[in-house]
Student: 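Quick one: structure below, then a few questions.
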Amino acid sequence: MSAARSVLSLSKILQPWTGLKGSTVSVMRPVMCTRREKSSYTPPPAKYGGRHTVTLIPGDGIGPELLNHAQELFRFCCVPVDFEVVNVDSSLTSEDEINNAVTAIRRNGVALKGNIETNHNLPPSHKSRNNLLRTSLDLYANVMHCQTLPGVQTRHKDIDIIIIRENTEGEYSSLEHENVPGVVESLKIITRVNSLRIAEYAFRQAREKGRRRVTAVHKANIMKLGDGLFLQCCKEVAAGYPDITFDNMIVDNTTMQLVSKPQQFDVMVMPNLYGNVVSNVCAGLVGGPGLVPGANYGKDYAVFETATRNTGKSIANKNIANPTATLLASCLMLDHLGLHDYASMIRKAILRTLSETRLHTADLGGQGTTSEVVQSIMKEVQKGGPLTSEKI
Amino acid sequence: MASSRALLSLSRPLQTVWSGRLGSTVKVFGAVVPSRREKSAYTGQSIPPPARYGGRHTVTLIPGDGIGPELLNHVRELFRFSCVPVDFEVVNVNSSLTNEDDINNAITAIRRNGVALKGNIETNHTLPPSHKSRNNLLRTSLDLYANVMHCQSLPGVQTRHKNIDIIIIRENTEGEYSSLEHESVPGVVESLKIITRNNSLRIADYAFRLAREKGRRRVTAVHKANIMKLADGLFLQCCKEVASGYPDVAFDSMIVDNTTMQLVSKPHQFDVMVMPNLYGNVVSNVCAGLVGGPGLVPGANYGRDYAVFETATRNTGKSIAGRNIANPTAMLLASCLMLDHLKLHDYATMIRNAIHTTMNETQLHTADIGGQGTTSEVVQSIMRHIQSGGPLTTEL
């Protein structure tokens, strides 16, 4: 609460300047005032000579090896993207490394990352690096498109759900305190501004992709003010999109319906924690954490990673991890950069490997290794056309 | 926060004055209503005597809304038919009223009788936030700290996963359900999630004791301590402390997102799970979905002195109310749990066997599990199986 109060008092001081600034200063994010101001300045794309520069954060666990494969694949397909690798060491307590990463992403605008591990044993002042990155860059929307992929055996068929999750506030505010020994209060923050923003994003995405229905997931019967505000903001935004149906569902009923009849869901929008749980349930339904890519969008920046943000420490460096999620995330990145041809080429190759060659890694019940799968994808890309380099 | 500070300030004078006389410490963080019978008062252990006279128990019945009333009518019918020595004291709670008299009457009745069977009371979203959830009020006033849900696959019900057997123990009084919210700045709402050491130790102890009693091998704590380091960190730490006192039971922990993903792909790896309130809500609903839906699983809320039984997923079922299509299994199994609690094990086993026979052999299913039967047909079938099982019934 004291952090929220200090930011609030800062905003009171800054408000007399609103005439000078283009738009109002938003109060509740941990803005680092020395950095480039976000509100009125859209950075130019990091593109020179037709080649884009993208920040790459390897992270921990299976991150480094899978991102190496992504780089290898890009080099093979002659994708005009150069990677600026920024390492973040999760065991250090100083925040310099993550600040460097954030600066690099601000410079380049786009990033591809692996998950950075959060050590439970360090004191609570050591914040989650991934969370710091998301809040500093104000990547307010986490979008996960769950589709059953052909060729993967699952209990449920024909799932096609887009999950839009608020990415910066909610239960992940990291504001906790222990006023009385043995009693911990954890603050869950819901703001009108962020709720309107994420609802607006959800409806815009639904319209762009031709989706019919948006479902808001909440627990407003218990958290009347918090989730009540979120639900109200969604309803207000829904009024402005009459072509899209809007309904809402309580999170416990949602998870139960997801497990029995997931085909009823189309687009779902929700606050942070429910988003975490629901996206993991959906990832489990379509085949596991190795298959689904995730994207974090902000007003100016975009960061791509696997949807379920697993570190995968137990399978690191054993060549058994599933590269599909990371590679599909890199395709999302190529789409974001406007390189749609390369994106569809790689995506087709990945899907053909999954469905035709049936080369599956251990998590899908197969025998293949990570490198075998990547080699197979490269072969499919080569079969598709001339645009590749020599070595295979 | 204000209410917890008020209670805290109340406890300090109580502790100094009565600590010599009180058998155990005054509970600070449960929503104790001081005018009611003191739990830990003058004689030290004031556990109410069972409401039993002439061999017949009295149990409070709260019909609730939606499908509650009709299903509880079926329960009463079945009990009368099976000559179960239980009398029901019906207490109606009207969910549309804003004053709390109805629910307070219900709470008094449960304090009097010690055991209750209830349907879910609807919480209207459109009423102002000062109108608290009636179910939540009931749980916190009676300090029913443990919600136990035993998810078992019924062999006759078609599900994607077979042979699931998971016990979920969920902290029932604090966590995200503290109903403490405020809007300090317009447009910014802060919702408080309270985790206390006392309650976490208590629920962990309950979980391990239950695991030991039922011969279970492993307890998994579900948390999100990588993000909520202090809160879920405290919960996890309490679980670890209690685990060290039960070396025969293995203990591990899992983050809630990974847990839900594993539940959907490989639910057989879980044995007993213990968790705070909100994760318990989500995980129990996922498990209910896995074993066949909300109509099949009973739930129990245990406190130190009271026990309240209901369906595990606490659905009101407004859309199917009054149409004779609701699945009575969950409510009937909940009434069997109640009979077990009252130590009427023979009756409990008799009814439970009849329910299983109906589900598995006769395969008479209601619409939610893909069948054609109506509620009354299922209940009639259960009654027939009880009659064919032995002499102890009235005329059909």
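Chain letters run A, B, ... following the sequence lines, proteins first and then strands; every chain starts at 1.
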Student: Using the rule given for side-chain contact (heavy atoms from CB on, under 4.5 Å), can you reason through L187(A) versus L192(B), listing the C-alpha separation, both sets of side-chain angles and the distance that settles it, and then say yes or no?
Tutor: CA-CA 5 Å; L187(A) 286 153; L192(B) 287 152; 3.7 Å; yes
Student: Sort N310(A) into side chain, backbone, both or neither according to what part of it lies under 4.5 angstrom from a heavy atom of chain B.
Tutor: side chain
Student: Counting only heavy atoms closer than 4.5 Å, note whether E171(A) contacts chain B via side chain, backbone, both or neither.
Tutor: both
Student: I'd like to know which of S173(A), S186(A), G284(A) tops the heavy-atom pair count under 4.5 Å against chain B.
Tutor: S186(A)
Student: If you compare all heavy atoms of M261(B) against all heavy atoms of A283(A), which two are closest, and at what distance to 0.1 Å?
Tutor: SD-CB, 3.8 Å
Student: Which one, V283(B), T260(B), L230(B), leads in non-hydrogen pairs under 4.5 Å with chain A?
Tutor: L230(B)
Student: In terms of heavy-atom proximity below 4.5 Å to chain B, should L285(A) be classed as side chain, backbone, both, or neither?
Tutor: both
Student: Measure distances from I255(B) to the heavy atoms of chain A and classify the residue's part below 4.5 Å as side chain, backbone, both or neither.
Tutor: side chain
Student: If every non-hydrogen atom of N258(B) is compared with every non-hydrogen atom of N280(A), which pair is closest and at what distance?
Tutor: N-OD1, 4.3 Å
Student: Please state whether the side chain, the backbone, both or neither of I250(A) comes within less than 4.5 Å of a heavy atom of chain B.
Tutor: side chain
Student: Among E117(A), R309(A), K261(A), R192(A), who wins on heavy-atom pairs under 4.5 Å with chain B?
Tutor: R192(A)
Student: With a 4.5 Å cut-off on heavy-atom pairs, point out which of R197(B), E183(B), K132(B) contacts chain A the most.
Tutor: R197(B)
Student: Heavy-atom distances under 4.5 Å only: say whether P186(B) touches chain A with side chain, backbone, both or neither.
Tutor: neither
Student: How close do E181(B) and K224(A) get, heavy atom to heavy atom, and via which atoms?
Tutor: OE1-N, 3.0 Å
Student: Tell me which of these, N276(A), V277(A), T118(A), has more heavy-atom pairs under 4.5 Å with chain B than the rest.
Tutor: N276(A)
Student: Got I189(A) and V189(B) here, is their nearest side-chain heavy-atom distance under 4.5 Å?
Tutor: no
Student: Considering all heavy atoms of both residues, which atom of K229(B) and which atom of H126(A) are nearest to each other, and what is their separation?
Tutor: CE-O, 2.9 Å
Student: Looking at S265(B), is its backbone amide N or carbonyl O close enough to the side chain of R155(A) to form a donor-acceptor pair, meaning the two atoms are under 3.5 Å apart?
Tutor: yes
Student: In terms of heavy-atom proximity below 4.5 Å to chain A, should L278(B) be classed as side chain, backbone, both, or neither?
Tutor: side chain
Student: Report which part of L196(A) has an atom under 4.5 Å of a heavy atom belonging to chain B: side chain, backbone, both, or neither.
Tutor: neither
Student: Measuring heavy-atom distances to chain A, does T313(B) have an atom under 4.5 Å in its side chain, in its backbone, in both, or in neither?
Tutor: side chain
Student: Pick one of side chain, backbone, both or neither for F230(A), based on which atoms fall under 4.5 Å of a heavy atom in chain B.
Tutor: neither
Student: To the nearest 0.5 Å, what is the distance between CD (E178(A)) and CD1 (I195(B))?
Tutor: 11.5 Å
Student: Count the heavy atoms belonging to other residues, nucleotides or ligands that lie under 6.0 Å from CD of E236(A), then report whether that count exceeds 12.
Tutor: yes
Student: To the closest 0.5 Å, what do you measure between OG1 (T123(B)) and CG (N221(A))?
Tutor: 5.5 Å
Student: Measure the shortest side-chain to side-chain distance between K193(B) and E176(A) over non-hydrogen atoms and say whether it is less than 4.5 angstrom.
Tutor: no
